[in-house]
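Here is the structure we will look at, set down as structure tokens.
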Protein chains: 2
Amino acid sequence: MRIGELAARAGVSVRSLRYYEEQGLLTSTRSAGGQRHYTQDDVERVAFIQRLYAAGLSSRTITELLPCLDSPSDENSDAAMERMAKERDRLSTHIEDLLRTRDALDVLMVAAQAHRDARQAARPPHDGVPVLASGFRGR
Amino acid sequence: MRIGELAARAGVSVRSLRYYEEQGLLTSTRSAGGQRHYTQDDVERVAFIQRLYAAGLSSRTITELLPCLDSPSDENSDAAMERMAKERDRLSTHIEDLLRTRDALDVLMVAAQAHRDARQAARPPHDGVPVLASGFRGR
DNA sequence: CTTGCCTCTCACATTGATGTCAGGTTTTAG
DNA sequence: CTAAAACCTGACATCAATGTGAGAGGCAAG
């Protein structure tokens, strides 16, 4: 398939695909006229790349990881293992952080909802105590 | 305290603090000479801002949220509630996504480890089947 | 008062992924 | 064969948060 179709299937812009290739994340065979051709597997690969991007891995990091996945017998697999472990840890930490943030957001929403209810009970407006200073304990 | 101290306490650059103020996320009183002064609470506030940033909220979004937290009696609290709920959902989705990505990474690591073990068992090198195509089923 | 450190504003640079535009070529449908 | 649609390369634009540097001024200790 050509680049437009891959883009459509993977839900990515054509521009991005060319960028991935430029970064060494994706390869293509070229037609006689120079147009890129891809296989079905590339759809999956692009999806995976997107996933890693979403996980906060940089293009640079992904570049170091993917070659190992293509041919796991490379000598660099040791380094890649290490890097994968490191990224996994980073990801776990990040997830923890997001969970805590979501909790904090929940606290704020409960507080806001409480205020809403209070207001609905015909209290005078602008009686508010700031939510942040009292409700949130950092880190 | 002055800006340098706040920066140090919150673990943020001075530049960022000025940027937060520019974006309306943070306010300061000014000394006669024009220097910014902050209170203890601002340390906490900055930590919270950082947390929201880490959760992927844009400066724009945070700007819309924080005023509601400062004085929860504002009329905009309805809109803010809605936005908070929306961001909470987005955050949840994102967390789900990261968890799945971490799982995928685990799969890859297991595969890589298996290959490592196989190699250690004195197999010839470069026998590798690509991990990605076989092991990963997208989305 | 002077020295040194901190702060001020303004402005331009950077980074990463992507958008967009221009000018030209390939492929495909009619 | 021709026109439309898709593609090519290359370059410049964008966005958000932050870095960085210049030139000037505030503030506290000696």
Side-chain angles (χ1 to χ4, degrees), chain A residues 1-39 42-43 45-66 87 90-91 94 97-98 101, chain B residues 1-39 42-43 45-66 87 90-91 94 97-98 101:
Chain A
M1 84 191 75
R2 290 190 292 168
I3 198 171
E5 190 175 345
L6 176 58
R9 293 203 194 193
V12 172
S13 75
V14 167
R15 176 67 173 89
S16 294
L17 294 180
R18 290 201 265 250
Y19 176 74
Y20 297 163
E21 180 166 325
E22 186 183 313
Q23 298 301 307
L25 306 184
L26 188 63
T27 56
S28 58
T29 59
R30 297 297 186 109
S31 75
Q35 301 201 345
R36 294 171 177 83
H37 281 201
Y38 300 95
T39 71
D42 289 320
V43 178
R45 186 183 184 92
V46 170
F48 189 62
I49 292 172
Q50 284 278 300
R51 190 179 275 265
L52 293 182
Y53 270 129
L57 303 222
S58 70
S59 179
R60 174 95 177 70
T61 304
I62 301 177
T63 310
E64 294 177 53
L65 245 45
L66 285 185
E87 292 302 329
R90 205 189 48 71
L91 189 49
H94 187 52
D97 200 43
L98 293 190
T101 302
Chain B
M1 81 191 79
R2 289 190 291 168
I3 198 171
E5 189 175 346
L6 176 58
R9 293 204 193 192
V12 171
S13 74
V14 168
R15 176 68 174 89
S16 294
L17 293 180
R18 290 200 266 251
Y19 176 73
Y20 297 163
E21 179 167 323
E22 188 182 312
Q23 298 301 308
L25 306 183
L26 188 62
T27 56
S28 58
T29 58
R30 298 297 186 109
S31 76
Q35 302 200 343
R36 293 171 179 84
H37 281 203
Y38 299 95
T39 70
D42 290 320
V43 178
R45 184 183 186 93
V46 170
F48 189 62
I49 291 171
Q50 285 278 299
R51 188 177 276 266
L52 292 181
Y53 269 129
L57 302 221
S58 70
S59 178
R60 174 93 177 74
T61 304
I62 301 177
T63 309
E64 296 178 52
L65 245 45
L66 285 184
E87 291 303 327
R90 204 190 48 72
L91 189 49
H94 188 51
D97 201 44
L98 294 190
T101 302

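Order of the sequence lines fixes the chain letters, A, B, ..., with proteins taken first and strands second; residue numbering starts at 1 for each chain.
Within the structure, every side-chain polar atom (N or O) of A:Arg36 is placed at least 4.0 Å from both OP1 and OP2 of D:dC7. For the OP1/OP2 pair of D:dT18 and a distance below 4.0 Å, the side-chain nitrogens and oxygens of B:Ser16 include at least one atom meeting the criterion. OP1 or OP2 of D:dA17 lies within a sub-4.0 Å distance of a side-chain N or O belonging to B:Tyr53. At D:dA17, one or more side-chain N or O atoms of B:Tyr19 fall inside 4.0 Å of OP1 or OP2 (strictly under the cut-off).
Atom CG in B:Leu25 sits about 13 Å away from atom P in D:dA16, given to the nearest Å. Following rounding to the nearest Å, B:Ile3 (CD1) and D:dT18 (C1') show an atom-to-atom distance of 14 Å. Taking atom CZ of residue B:Arg30 and atom P of nucleotide C:dT7, one finds them 12 Å apart after rounding to whole Å. The distance from atom CD of B:Glu5 to atom C1' of D:dC27 is 15 Å, rounded to the nearest whole Å. For B:Leu52 and D:dA17, the CG to C1' distance is 15 Å, given to the nearest whole Å. The distance from atom CD of B:Glu22 to atom P of C:dC8 is 13 Å, rounded to the nearest whole Å. Nucleotide C:dT7 holds its P atom 10 Å from the CG atom of B:Leu6, rounded to whole Å. One atom, CE of A:Met1, and another, C1' of D:dA5, lie 19 Å apart when rounded to the nearest Å.
Side-chain contact check for A:Tyr38 versus A:Val46: every heavy-atom pair is 4.5 Å or farther apart. By the 4.5 Å heavy-atom criterion applied to side chains, B:His94 and B:Leu98 are counted as neighbours. Put simply, the side chain of B:Met1 does not reach to within 4.5 Å of the side chain of B:His37, judged on heavy atoms.
Not counting sequence neighbours, the partners of A:Ser13 by the side chain to side chain donor-acceptor pair (under 3.5 Å) test are A:Ser16. Partners of B:Arg2 under the salt bridge (charged side-chain N to carboxylate O under 4.0 Å, His left out) rule, at least two apart in sequence or in another chain, do not exist in this structure. Every residue two or more places apart in sequence or in another chain was checked for a side chain to side chain contact (heavy atoms under 4.5 Å, CB included) with B:Thr27, and none qualifies. Residues meeting the ring pair (Phe, Tyr, Trp, His ring centres under 6.0 Å) test with A:Tyr53, sequence neighbours left out: A:Tyr20. B:Ser58 pairs by the side chain to side chain donor-acceptor pair (under 3.5 Å) definition with B:Thr61, not counting sequence neighbours.
Contacts classified as salt bridge (charged side-chain N to carboxylate O under 4.0 Å, His left out) and involving residues 6-19 of chain A (residues at least two apart or in different chains) are given here: A:Glu5-A:Arg9.
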query = Run the side-chain contact (heavy atoms from CB on, under 4.5 Å) check on A:Thr39 and A:Asp42 step by step: do they pass?
reply = CA-CA 5 Å; A:Thr39 71; A:Asp42 289 320; 3.6 Å; yes
Mind listing the N/O atom pairs, protein and nucleotides 20-23 of chain D, below 3.5 Å?
unit_1: D:dT20; atom_1: O4; unit_2: B:Arg15; atom_2: NE; d: 3.2

Check: protein-nucleotides 27-30 of chain C nitrogen or oxygen pairs below 3.5 Å:
unit_1: C:dT27; atom_1: OP1; unit_2: A:Ser31; atom_2: OG; d: 3.0
unit_1: C:dT27; atom_1: OP1; unit_2: A:Gly33; atom_2: N; d: 3.3

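Among the nucleotides C:dG19, D:dT18, D:dA17, the one closest to any side-chain atom of B:Ser59 is D:dA17. The nucleotide whose nearest atom lies closest to any side-chain atom of B:Tyr20 is, among C:dG19, D:dT18, C:dC8, D:dT18.
Counting non-hydrogen atoms under 4.0 angstrom, A:Arg60 reaches nothing in the nucleic acid. Within 4.0 Å (heavy atoms only), B:Arg18 reaches at least one base atom of the nucleic acid.
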